[in-house]
Trainee: 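Mind having a look at this structure? Questions to follow.
So that the names make sense, note that chain A is the first sequence line, chain B the second, and so on, each numbered from 1.
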Protein chains: 2
Amino acid sequence: MDDIDRQLLVLLQQDASRPYAALGEAVGLSAGATHERVRKLRERGVIRRTTVEVDPAAVGQGVLAFVMVESTRWVGDSGDRFSAIPEIQEAHVIAGSASALVKVRTSTTQQLQDVLRRIYAIDGVSGTQATVVLETFFERPVTL
Amino acid sequence: MDDIDRQLLVLLQQDASRPYAALGEAVGLSAGATHERVRKLRERGVIRRTTVEVDPAAVGQGVLAFVMVESTRWVGDSGDRFSAIPEIQEAHVIAGSASALVKVRTSTTQQLQDVLRRIYAIDGVSGTQATVVLETFFERPVTL
DNA sequence: TTGATCTACCGAATCTCATTCTGCATAGTA
DNA sequence: TACTATGCAGAATGAGATTCGGTAGATCAA
């Protein structure tokens, strides 16, 4: 992981469809050498995958909320329960008064309510506190 | 936006490096027709960009925290102030007692503290409440 | 210092795939 | 019915991914 690798990651985060020749030119390498570096970044797991960024609003997921989940028992192994709710985009175990923090996307607040209901149904969950997002300033990749 | 488009989005979210011929086979279209559909999805902004997913821990961003930001004034137009802090990965205006919610990634809790200091320095910010993530169950793309 | 080994690179060859184009079929519309 | 727009298949073409051989530099041990 030297500086060239970091530059490549930045460039690929911006546009992963850029040809290796162009990438290489940007960092001062040949296409072949660039390809080899990117291959190793994948191999090491630094690059998890190549993906497309979908506009949530364009696919009917205009409502965004963060939900603090309180629990009366250990939540460390109920990741699957959260994962089973497709509207949950992220789920984290947190330090502090609540036990988990999840990020939820739905098309309506009605559906958000339904998601909260399903979260309540998880064993040990004793309460939720939902925070609705009014406007998203930005969401961007990990900064290098 | 029919069902085939949605299938294509799912497949591309999983692996955007898949050839159009393979995509097409999966949804029952030719490579050319698949290409055309994906082109239009980009054109309409449904697909924002093609990118790589980087493992935060692998690039020294092992600390994740969510920060509730309280403000004494309207925060609706201070998006740039948050954006200027590179450790902030997301920033949202929220309903509720706090005014904004930001997602922060740093390499150490020391640096997290420094980010909090810089958030305080934003005009109108009167308080922060940081929640440190102990474990991330999952982070996944928008569910279709 | 010398030799062996390993790594990273370049440049070229090859082969896959993206992209474009033609023609056809279907659906919608005047 | 005639016209128009849209979406598709299939093929042609060129761009780019991927592989490979060979070289330079770095590291390490003798």
Trainee: In whole angstroms, how far is the P atom of C:dA18 from the OH atom of B:Tyr20?
Mentor: 7 Å
Trainee: Just call it for B:Gly28: base, sugar-phosphate, or nothing, with non-hydrogen atoms closer than 4.0 Å on any strand.
Mentor: sugar-phosphate
Trainee: Output yes when a side-chain donor or acceptor of B:Arg49 lies under 3.5 Å from a complementary backbone atom of B:Arg42, and no otherwise.
Mentor: no
Trainee: Nearest whole angstrom, please: distance from the P of C:dT7 to the CZ of A:Arg37.
Mentor: 14 Å
Trainee: So which heavy atom on A:Phe82 is nearest to which on A:Ile88, and how close?
Mentor: O-CD1, 3.7 Å
Trainee: Can you name the nearest heavy-atom pair linking B:Ile85 to A:Arg140, along with the distance?
Mentor: O-NH2, 2.7 Å
Trainee: When we call it a touch if two heavy atoms are under 4.0 Å apart, what does B:Arg39 touch: a base, just sugar-phosphate, or nothing?
Mentor: nothing
Trainee: Which whole-number value in Å describes the distance from A:Met1 CE to C:dA8 C1'?
Mentor: 17 Å
Trainee: Any donor-acceptor pair under 3.5 Å linking the side chain of A:Ser83 with the backbone of A:Gly79?
Mentor: no
Trainee: For B:Asp5 and D:dT6, give me the distance from atom CG to atom P, rounded to whole Å.
Mentor: 15 Å
Trainee: Please report the distance, rounded to the nearest Å, between CG in B:Asp15 and P in C:dC17.
Mentor: 13 Å
Trainee: Does A:Lys40 place a side-chain N or O at less than 4.0 Å from the phosphate oxygens OP1/OP2 of C:dA8?
Mentor: yes
Trainee: In whole angstrom, give the distance that lies between atom CD of B:Glu25 and atom C1' of D:dG10.
Mentor: 16 Å
Trainee: Could you state the atom-to-atom distance from CD of A:Glu36 to C1' of D:dG22 in whole Å?
Mentor: 15 Å
Trainee: Which of the following nucleotides, D:dG7, C:dA18, C:dC10, is nearest to the side chain of A:Ala33?
Mentor: C:dC10
Trainee: A:Leu41 has an atom CG; how far is it from atom C1' of C:dA8, in whole Å?
Mentor: 14 Å
Trainee: Do any side-chain nitrogens or oxygens of B:His35 fall under 4.0 Å of OP1 or OP2 in C:dT19?
Mentor: yes
